[in-house]
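A quick write-up on the structure given underneath.
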Number of protein chains: 2
Amino acid sequence: MLRLTKKADYGLMALKYLAEQAQCPSASQPISGAASAKAIADAYHIPPQLLAKILQTLAKAGLLVSHAGTNGGYALARDAHDISAFEVIRAIDGPLFITSCITIHGTCDLAGHCTIKEPLRKVNDSITDLLSKLRIADLIEHADHPPDAALAGGLVTIAR
Amino acid sequence: MLRLTKKADYGLMALKYLAEQAQCPSASQPISGAASAKAIADAYHIPPQLLAKILQTLAKAGLLVSHAGTNGGYALARDAHDISAFEVIRAIDGPLFITSCITIHGTCDLAGHCTIKEPLRKVNDSITDLLSKLRIADLIEHADHPPDAALAGGLVTIAR
DNA sequence: AGAAGCAAGACTCATTTGGTCGCATATTGT
DNA sequence: ACAATATGCGACCAAATGAGTCTTGCTTCT
Ligand code: FES
Ligand code: FES
C-alpha cells in the first residue's frame with residue numbers, strides 16, 4: 001500500500017544531493033551547485049540513464065535548471081527550502097491519488113454507488129498536506145542532532 | 001502516487017456496508033448483521049468473485065466472521081468503531097510502505113548510500129497514524145450533517 | 001438431497017514499473 | 001574547428017503487480 005515509486009525515490013535522493021551541493025559550491029561551475037546526472041547516479045549507485053530521465057522530468061517541471069555541455073549538469077531551480085517533497089513526487093509519478101477512482105473522465109466508474117469516496121478524500125488531503133510541508137531542505141539531516149527517543153516504538157514493518 | 005488498490009477500496013466499501021447492516025439487523029440471521037458476498041457485490045456493482053476473495057482475506061485477518069450455508073455470509077467481527085481503515089488496508093494490500101525499499105531482507109538494496117530513508121519513514125508513520133484513526137464507523141456519513149464549508153477549496157486533482 | 005453459501009487455489013490478461021538504447025542537440029575547453 | 005561532455009527525447013523491453021475469472025471442494029440450512 002501507499003508505495004512511493006523508485007523513480008520518485010531516486011528523484012528525492014538527487015534533489016537532496018543537489019541541495020547539499022548548493023551549500024558548498026565548488027569552483028567555476030556554469031551554474032552554482034550543479035552536478036551532472038552521471039555524477040549523482042554514481043554517488044548513489046543508481047542506473048545513470050534512468051536518473052537522467054528523472055532529472056529531465058524534474059527540469060521540465062521547473063524544479064531544476066539544466067545546463068548542457070562540459071561541466072554542465074543540473075541544479076536546484078529554487079532554494080531547497082522552497083521545494084516540497086510533494087512537488088517532486090507529483091512531477092515524477094503524476095497526480096495519482098489514493099482513491100484509485102479519480103480517472104481522466106473526472107468521475108469514477110463507481111460514482112453513485114460508492115459511498116467511500118468523501119472520507120477517503122479527506123485522508124488524501126491530509127497526506128498531501130503532510131508531503132507539502134516536507135521540504136527537501138528537511139531531508140538534509142545534520143548528523144549532530146540528538147537521536148530523538150520521542151518517536152521510538154514506531155511501527156515494525158513485517159515482510160508480506 | 002500513493003494509490004490505494006481497488007481491492008482495498010472494495011474491502012472498505014464492503015466493511016461499510018456490513019457496518020450499516022449491523023445497525024439495523026433484519027430477521028433471523030445466523031449472525032446478526034450478516035450479508036453474503038454476492039449481496040454486497042450486487043449492491044456496489046463490483047465483481048462478485050473478486051469481492052468474495054477479498055472478504056475471505058478479511059475473514060482470515062480476523063476482521064470479519066463468516067458463516068457458511070444458506071443465509072450465511074459475513075459480519076463484522078468487532079464493532080465498527082473498533083476497526084480502523086489501516087487494518088483493512090494492511091490485511092488486503094499487505095504491509096507495503098511508502099519507502100519502496102523495505103524488503104523482505106529487512107534492509108534496502110541501497111541501504112548505506114540512501115540518506116532519504118529516515119525522513120520518509122516519519123512521513124510514513126504519520127500516514128499510518130492517520131489511517132489508524134479513521135475507523136470504518138466514520139465512513140458512515142449521516143446525510144443530515146451540514147456541508148462543512150470549512151474544508152472547501154481542497155486540492156483539485158487533474159488527470160495525468 | 002439439494003440449494004445457498006464460504007474456502008482456496010491456479011490461472012489469465014492488462015497495466016505499471018524499472019530500466020535500456022540510440023540518436024539528436026547544446027555547450028565548452030583546447 | 002573540433003572533440004569531449006552533457007542534456008533532451010522517444011522507442012523499446014522485461015519483470016512485477018494488479019484485476020478479475022474459473023474450478024473444485026466443503027459446510028449449513030431447508
Ligand atoms: S471507487 Fe470511485 S468513488 Fe469510490
Ligand atoms: S531506497 Fe531503500 S533506504 Fe532509501
Side-chain angles (χ1 to χ4, degrees), chain A residues 1-11 13-14 18 27-31 34-42 44-61 64-75 77 89 92-94 96 100-101 103-104 109-110 160, chain B residues 1-11 14 18 27-31 34-42 44-61 64-75 89 92-94 96 100-101 103-104 109-110 160:
Chain A
M1 64 171 271
L2 296 181
R3 195 202 275 96
L4 205 60
T5 63
K6 244 174 190 169
K7 285 187 193 175
D9 209 352
Y10 291 160
M13 287 191 244
L18 289 172
S28 71
Q29 288 164 331
I31 332 176
S36 77
K38 190 174 176 309
I40 304 176
D42 246 40
Y44 292 128
H45 302 104
I46 57 187
Q49 313 230 51
L50 183 53
L51 212 227
K53 252 197 337 194
I54 295 170
L55 293 178
Q56 283 167 27
T57 309
L58 255 16
K60 248 190 303 186
L64 293 178
V65 289
S66 63
H67 191 81
T70 316
N71 290 321
Y74 296 91
I89 295 170
I92 297 175
D93 285 352
L96 300 177
S100 87
C101 62
T103 68
I104 306 111
D109 337 358
L110 307 175
R160 110 148 111 170
Chain B
M1 65 171 270
L2 296 180
R3 195 202 275 97
L4 204 59
T5 63
K6 246 174 191 169
K7 285 186 194 174
D9 209 351
Y10 291 160
L18 289 172
S28 71
Q29 287 164 332
I31 333 176
S36 76
K38 190 176 178 306
I40 304 176
D42 247 40
Y44 292 126
H45 301 103
I46 56 187
Q49 312 231 52
L50 183 54
L51 212 227
K53 253 199 336 196
I54 295 170
L55 293 179
Q56 284 166 27
T57 309
L58 255 14
K60 249 190 302 186
L64 293 179
V65 289
S66 65
H67 191 80
T70 317
N71 290 321
Y74 296 91
I89 296 170
I92 296 175
D93 284 351
L96 301 177
S100 86
C101 62
T103 68
I104 306 109
D109 337 359
L110 307 175
R160 110 148 112 171

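Remember, it's a predicted structure, so these values are computed and weren't measured experimentally. Protein chains get the first letters and strands the later ones, always in sequence-line order, with residue 1 at the start of each.
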### Query
Please give, in whole Å, the distance from C:dG5 C1' to B:Ile40 CD1?
13 Å

### Task
Give the minimum heavy-atom separation between B:Ala52 and B:Ala37, together with the two atoms involved.
CA-CB, 4.1 Å

### Query
For nucleotides 5-13 of chain D, read 5' to 3', which letter fits each nucleotide if B means a protein heavy atom sits under 4.0 Å from the base, S means only the sugar-phosphate is that close, and - means neither?
BSSBB-B--

### Query
Atom CZ in A:Arg3, atom OG1 in B:Thr5: separation rounded to 0.5 Å?
10.5 Å

### Query
How close or far is atom P of C:dG5 from atom CG of B:Leu64, stated in whole angstroms?
17 Å

### B:Gln49, nearest nucleotide to its side chain (from D:dT23, C:dT17, D:dG20)
D:dT23

### Task
Could you walk me through whether A:Leu55 and A:Ile40 pass the side-chain contact (heavy atoms from CB on, under 4.5 Å) test, one step at a time?
CA-CA 10 Å; A:Leu55 293 178; A:Ile40 304 176; 4.2 Å; yes

### Query
Roughly, in whole Å, what's the span from CD1 in B:Ile54 to C1' in D:dA19?
9 Å

### Message
Tell me the closest heavy-atom pair linking A:Ala77 and A:Val65, and the distance in Å.
### Response
CB-CG1, 4.0 Å

### Query
Are OP1 or OP2 of C:dG18 and a side-chain N or O of A:Tyr10 less than 4.0 angstrom apart?
no

### Query
In whole angstroms, how far is the P atom of D:dT21 from the CD1 atom of B:Ile46?
11 Å

### Task
Mind calculating the distance between NZ (A:Lys7) and C1' (C:dT20) to the nearest angstrom?
12 Å

### Summary
To the nearest 0.5 Å, atom CD1 of A:Ile54 lies from atom CG of A:Leu64 at 11.5 Å

### Summary
Taking every heavy atom of A:Gln56 against every heavy atom of A:Tyr74, the minimum-distance pair comes out as CG-OH, 3.4 Å

### Task
Give the rounded distance in Å between these two atoms: CZ of B:Arg3 and P of D:dG18.
9 Å

### Query
Which whole-number value in Å describes the distance from A:Ile92 CD1 to C:dG18 P?
11 Å

### Task
Check the distance between C:dT17's C1' and A:Leu50's CG and give it to me in whole angstrom.
10 Å

